[in-house]
*Asks:* 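Provided herewith is a single structure, encoded as structure tokens, for subsequent inquiry.
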Amino acid sequence: MIDLNGKRALVTGGSRGIGAAIALALAENGADVAFTYANAAKRAQGVKSQIEAKGRKAVAIQADSADPKAIERAVSEAVGALGGIDIVVNSAAVGLNGLIADIDLDAWQAMMDVNVRAPVVLSRAVIPHLSSGGRIIFIGSALGDRVPFPGVTAYAMSKSALLSLTRGLARELGPQGVTVNLVHPGSTDTEANPANGDFAEVQRSLTALGRFGDPAEVAHAVAFLASPAASVITGTVLTADGGANA
């Protein structure tokens, strides 16, 4: 059983897709949840209402993960609103497709700011607030383990960086009883990568299950890692990719 009653969580990128599913799953299992969103205020209000309908406290915080100061402010607002933080999930991310020979360096840097710098900034800001039993969970990508076709190299590189961050932070925070883990989703049915999209059939063919994942399935993995049931698991990767990397 996943029991998060009494826990307080902060999820970045929680207004849509996998991030929204994570925020809802944590609330479903008993946590109060603060989450950030960049621009989708109406969607954020919808997620907030769904969390509250589960009887949990919800806080929607406008904060662009490309802005370090906004991340730091979001942590402060979440701590103030919830009375502390026990669980942190970095889900906010941006994609960038194209061959390395053709990549626009400004676009690449913008992606790295969100996908790599932001998790570091978030970690730095939240570590002082975490006590024994605290959880940091990063959302990566199965592409961080394997690059099965051209055109996703830059994005895959940004996600593979989270593996070293996870392992290193697990070592740094282990003595204070805080665990750090990484979830690698595979092809998941979201607006950014719909199961009926132009490249969906290719992605489906790479999986052992022959299908896309649902955001809720990724969220279940996160909820488990956030729970006391995963208290001895740290510095590791939980891959939820339908067997794409099997």
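Just so it is clear, the values below take in all heavy atoms, side chains as well, and ignore hydrogens, waters and symmetry mates.
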*Asks:* Between atom OG of Ser76 and atom CD1 of Ile85, what is the distance when rounded to the nearest 0.5 Å?
*Replies:* 8.5 Å
*Asks:* Please find the pair of heavy atoms, one from Ala154 and one from Ile103, that lie closest to each other, and give the distance.
*Replies:* CB-CD1, 4.3 Å
*Asks:* With a 4.5 Å cut-off on side-chain heavy atoms, are Thr166 and Val237 touching?
*Replies:* no
*Asks:* Is there a path from Leu209 to Val218 through hydrophobic residues (I, L, V, M, F, W, Y) whose side chains come within less than 4.5 Å of each other?
*Replies:* no
*Asks:* Compare all side-chain heavy atoms of Ile139 with those of Ile22 and state whether any distance is below 4.5 angstrom.
*Replies:* yes
*Asks:* Tell me if a side-chain donor or acceptor on Ser231 pairs with a main-chain N or O of Pro228 at a distance below 3.5 Å.
*Replies:* yes
*Asks:* For Arg146 and Gly144, indicate whether the former's side chain and the latter's backbone hold a donor-acceptor pair under 3.5 Å.
*Replies:* no
*Asks:* Using 0.5 Å steps for rounding, measure from the CD1 atom of Ile137 to the OG1 atom of Thr179.
*Replies:* 7.0 Å
*Asks:* Looking only at heavy atoms, which two atoms of Gly140 and Pro185 are closest? And how far apart?
*Replies:* O-CD, 3.4 Å
*Asks:* Do Ile127 and Leu169 have side chains that approach each other closer than 4.5 Å (heavy atoms only, starting at C-beta)?
*Replies:* yes
*Asks:* Report the distance from atom CD1 of Ile136 to atom CG of Leu225, rounding to the nearest 0.5 Å.
*Replies:* 13.0 Å
*Asks:* Mind checking whether Val75 and Val116 sit in one hydrophobic cluster, side chains of I, L, V, M, F, W, Y counted as touching below 4.5 Å?
*Replies:* no
*Asks:* List the atom of Pro119, the atom of Leu165, and the distance in Å for their closest heavy-atom pair.
*Replies:* CB-CD2, 3.9 Å
*Asks:* Do you know which two heavy atoms are closest between Arg124 and Pro128, and how far apart they sit?
*Replies:* O-CD, 3.4 Å
*Asks:* Does any part of the side chain of Asp241, heavy atoms only, come nearer than 4.5 Å to the side chain of Thr207, both counted from C-beta?
*Replies:* no
*Asks:* Determine yes or no for a side-chain-to-main-chain donor-acceptor pair under 3.5 angstrom, with Thr188 supplying the side chain and Gly186 the backbone.
*Replies:* yes
*Asks:* Would you confirm whether Arg117, through its side chain, and Met112, through its main-chain N or O, come within 3.5 Å as a donor-acceptor pair?
*Replies:* no
*Asks:* Mind checking whether Glu52 and Val33 have side chains closer than 4.5 Å, heavy atoms only?
*Replies:* no
*Asks:* Taking the side chain as everything from C-beta on, heavy atoms only, tell me whether Val89 gets closer than 4.5 Å to Leu26.
*Replies:* yes
*Asks:* If you apply the rule side chain to side chain contact (heavy atoms under 4.5 Å, CB included), what do you find for Asn193 with Gln203, and how did you get there?
*Replies:* CA-CA 10 Å; Asn193 186 30; Gln203 295 176 63; 2.8 Å; yes
*Asks:* Phe138 pairs by side-chain contact (heavy atoms from CB on, under 4.5 Å) with which of Leu182, Val88, Leu122?
*Replies:* Leu182
*Asks:* Could you tell me whether Asp104 atom CG has more than 12 heavy atoms of other residues or ligands within 6.0 Å of it?
*Replies:* yes
*Asks:* Side chain to side chain contact (heavy atoms under 4.5 Å, CB included) for Tyr155 and Lys159? Distances and angles first, verdict last.
*Replies:* CA-CA 6 Å; Tyr155 177 74; Lys159 289 302 188 177; 3.3 Å; yes
*Asks:* Between Ala156 and Leu143, which heavy-atom pair has the shortest distance, and what is it?
*Replies:* CB-O, 3.3 Å
*Asks:* Taking the side chain as everything from C-beta on, heavy atoms only, tell me whether Lys57 gets closer than 4.5 Å to Leu82.
*Replies:* yes
*Asks:* Are Ile2 and His220 close enough, and set up right, to give a side chain to side chain contact (heavy atoms under 4.5 Å, CB included), and what steps lead you there?
*Replies:* CA-CA 9 Å; Ile2 296 175; His220 293 325; over 6 Å; no
*Asks:* Verify, without hydrogens or angle tests, whether Asp64 (side chain) and Ala70 (backbone) share a donor-acceptor contact under 3.5 angstrom.
*Replies:* no
*Asks:* Looking only at heavy atoms, what is the nearest atom pair of Leu99 and Gly151, with distance?
*Replies:* CD2-N, 3.9 Å
*Asks:* Quick one: do Val222 and Val126 end up in the same hydrophobic cluster if we chain Ile, Leu, Val, Met, Phe, Trp and Tyr together by side-chain heavy atoms under 4.5 Å apart?
*Replies:* no
*Asks:* Can you tell me which residue pairs pass the salt bridge (Lys or Arg N to Asp or Glu O under 4.0 Å) test with a partner in residues 73-102, sequence neighbours excluded?
*Replies:* Arg8-Asp86, Arg73-Glu77
*Asks:* Thr190 versus Arg16: any side-chain heavy-atom pair under 4.5 Å?
*Replies:* no
*Asks:* Is a side-chain donor or acceptor of Thr234 paired with a backbone partner of Val180 at a separation under 3.5 angstrom?
*Replies:* yes
*Asks:* Does Leu163 share a hydrophobic cluster with Leu238, counting links as ILVMFWY side-chain heavy atoms below 4.5 Å and allowing steps through other members?
*Replies:* no
*Asks:* So how far is it from Tyr37 OH to Lys48 NZ, rounded to the nearest 0.5 Å?
*Replies:* 10.5 Å
*Asks:* State whether the side chain of Asn181 and the backbone N or O of Thr236 hold a donor-acceptor pair below 3.5 Å, judged by distance alone.
*Replies:* yes
*Asks:* Treating Asn115 as the side-chain partner and Val94 as the backbone partner, does any N or O pair qualify as donor plus acceptor under 3.5 Å?
*Replies:* yes
*Asks:* CG of Asp32 to CG of Leu10: how many Å apart, nearest 0.5 Å?
*Replies:* 12.5 Å
*Asks:* Got a second to check how far Arg135's CZ is from Ser227's OG, nearest 0.5 Å?
*Replies:* 7.0 Å
*Asks:* Look at atom CZ of Phe199 and say whether more than 12 heavy atoms of other residues, nucleotides or ligands are closer to it than 6.0 Å.
*Replies:* no
*Asks:* Are Ile61 and Val79 linked, directly or through intermediate hydrophobic residues, by side-chain heavy-atom contacts shorter than 4.5 Å (ILVMFWY only)?
*Replies:* no
*Asks:* Donor-acceptor pair, Thr36 side chain versus Gly13 backbone, under 3.5 Å?
*Replies:* yes
*Asks:* Using a 3.5 Å distance criterion without hydrogens, assess whether the side chain of Asn29 forms a donor-acceptor pair with backbone atoms of Leu4.
*Replies:* no
